[in-house]
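What follows is one structure encoded as structure tokens, with my remarks underneath.
In each ligand, atom 1 is the first atom listed, and ligand 1 is the first ligand listed.
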Amino acid sequence: MLLASLWLALWALPALVASQSADIITSVGPKTSIAAKRAIRTCNITSYGAVADGKTDISTALKAAFNACKSGGVVVIPNGNYALANWVTLSGGNAWALQLDGIIYRNGTAGGNMIFIEHGGLDGIDVWSTNIWIHDIMVTNKDEYVTVKSPARNILVEQIYCNWSGGCAMGSLGSDTNISAVTYKDVYTWSSNQMYMIKSNGGNGTVSDVVLENFIGHGNAYSLNIDQYWSSESTVAGNGVQLSSIKINNWTGTEANGAQRGPVRVICADGAPCTGVDIKDFAMWTETGNGQWYACRSAYTDSPSFCLKDSSDHVSYSATTSTATVAPTGYQAPKMSADLATLTWGTTAIIPIPAIPTSFFLGTSPLKPLAD
Ligand SMILES: *[C@@H]1O[C@H](CO)[C@@H](O)[C@H](O)[C@H]1NC(C)=O
Ligand SMILES: *[C@@H]1O[C@H](CO)[C@@H](O)[C@H](O)[C@H]1NC(C)=O
Ligand SMILES: *[C@@H]1O[C@H](CO)[C@@H](O)[C@H](O)[C@H]1NC(C)=O
Ligand SMILES: *[C@@H]1O[C@H](CO)[C@@H](O)[C@H](O)[C@H]1NC(C)=O
Ligand SMILES: *[C@@H]1O[C@H](CO)[C@@H](O)[C@H](O)[C@H]1NC(C)=O
Ligand SMILES: *[C@@H]1O[C@H](CO)[C@@H](O)[C@H](O)[C@H]1NC(C)=O
């Protein structure tokens, strides 16, 4: 794990959900309003020993505040600078919320998650749960962004601004993967490793009904990258995770170098060929040179495009690559005005904390004001 300061805005947890995508089955987001939670109890970490001096470890205070509010209430980290030296797991909460107004500095060296929320559900970066809504987030870091892990069902991720990060992903997937009904929409990715990656290496189980729509990318290494032979993951026993109904709609923009890393890479497991990988309204072009490639392996579609095969036999096939030397129509996409221009600090330096942006995706406003 790299030392990087991660900044994210945790927006209000609304009671009602205005926006829903086709593949989301029921409403997403909290079932109890923030007002109702507040009416039960507010657990301010400063009342449990936290000191906003940027030095004192708040882990004990945060856990104590969580324990007091975990059955209903709002844990508040008020304005101020705090240090977290020991990572905390907040487990078993119900009808609670975390209101993060302050800034938490990473003051420890352990790997893993600084704050790990489980068995309760809340906005997060790595998420596995049911019925979760994650929106209006900007991250600058050197690792992953909003990543869905297994098991997960009914997750909506929208208005996401990757401002120089690893990019959004699903995985890594292993044994008994069980992910369904996941939608990402309005995702802007700048100077990241990928716009979206599904990654596994062996394993078993299923991923179904995924929608990745309205994505804009610039300056990224990979764009769409489904890799079921992901070399950074040790091989897991099994024929491969079965992917089905993966809909990629309305992607525009440019990738860093399409001859090096093409914008469409759908490398599925030979032991579990992907089905229903449908790529529509996808127009991306290279920022370097005058060509790009598309690669597919054991990948099937109901709507032929790029190198995807349309057939009902779903037998494995080895990687095929096609190249394009003419830019597709309509690939041009605007850039956000607040893109981080250059990375001037190394992996051990603190990333400066920007002001909260007024928009997380082109032409949109945040879906909810901060902590209303
Ligand atoms: C939390 O406690 C701090 C320090 O007492 C106070 O300044 C702040 O207003 C409190 N915040 C809330 C939301 O209660
Ligand atoms: C946190 O970091 C500061 C500055 O490096 C240091 O003075 C302080 O002792 C650290 N606190 C903990 C709890 O590690
Ligand atoms: C997958 O998860 C769903 C809940 O999201 C559950 O109902 C189903 O039984 C799980 N399937 C398997 C094979 O574990
Ligand atoms: C997945 O693989 C694990 C480990 O090999 C095995 O225990 C499990 O039964 C498999 N699950 C399915 C659904 O095949
Ligand atoms: C496609 O995405 C763009 C943003 O890149 C958005 O403005 C447009 O409305 C989307 N088109 C459709 C048909 O949703
Ligand atoms: C992107 O990161 C840079 C550097 O931290 C910052 O100046 C800029 O405001 C960030 N953009 C947004 C939208 O927060």
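The residues Arg297 and Asp270 are annotated as salt-bridged, a charged nitrogen and a carboxylate oxygen being separated by less than 4.0 angstrom. Using a 4.0 Å cut-off between charged side-chain N and carboxylate O, Asp278 and Lys247 make a salt bridge.
Here Tyr317 and Tyr300 bring their ring centres to under 6.0 angstrom of each other. Residues Tyr184 and Tyr196 place their aromatic rings such that the two centres sit under 6.0 Å apart. Tyr294 has its ring centre less than 6.0 Å from the ring centre of Phe306. Between Trp128 and Phe116, the ring centre distance stays below 6.0 Å. In this structure, the ring of Tyr188 has its center no less than 6.0 angstrom from the ring center of Phe361.
The backbone and the side chain of Ala338 each have at least one atom closer than 4.0 Å to an atom of ligand 6 (non-hydrogen atoms only). Neither the backbone nor the side chain of Trp164 comes within contact range of ligand 6; no heavy atom lies under 4.0 Å.
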For Gln159 and Leu367, what are the C-alpha separation, side-chain angles and deciding distance, and is it a side chain to side chain contact (heavy atoms under 4.5 Å, CB included)? CA-CA 8 Å; Gln159 297 191 177; Leu367 292 159; 3.8 Å; yes

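Per-atom contact check: atom 2 (O) of ligand 3 touches the protein, criterion being a heavy-atom distance below 4.0 Å. Distance check on atom 7 (O) of ligand 1: every protein heavy atom falls at or beyond the 4.0 Å cut-off.
The shortest N or O to N or O distance between Tyr161 and ligand 6 is not under 3.5 Å. By the 3.5 Å distance cut-off applied to N or O atoms, Asn44 is counted among the residues near ligand 1.
For ligand 1, the atoms sitting less than 4.0 Å from at least one non-hydrogen atom of Pro78 are 1 (C), numbered in the order shown with element in parentheses. Each of the following atoms of ligand 6 lies closer than 4.0 Å to a heavy atom of Asn163: 1 (C), 2 (O), 3 (C), 8 (C), 10 (C), 11 (N), 12 (C).
If you check which protein heavy atom lies closest to atom 5 (O) of ligand 1, you get Thr46 OG1, 3.7 Å. Nearest to atom 4 (C) of ligand 3 among the protein's heavy atoms is Arg153 CD, 4.0 Å. In this structure, atom 9 (O) of ligand 3 lies nearest to the protein heavy atom Asn178 ND2, 4.7 Å.
For atom 13 (C) of ligand 1, the choice among Val76, Val74, Ile77 with the nearest heavy atom turns out to be Val76.
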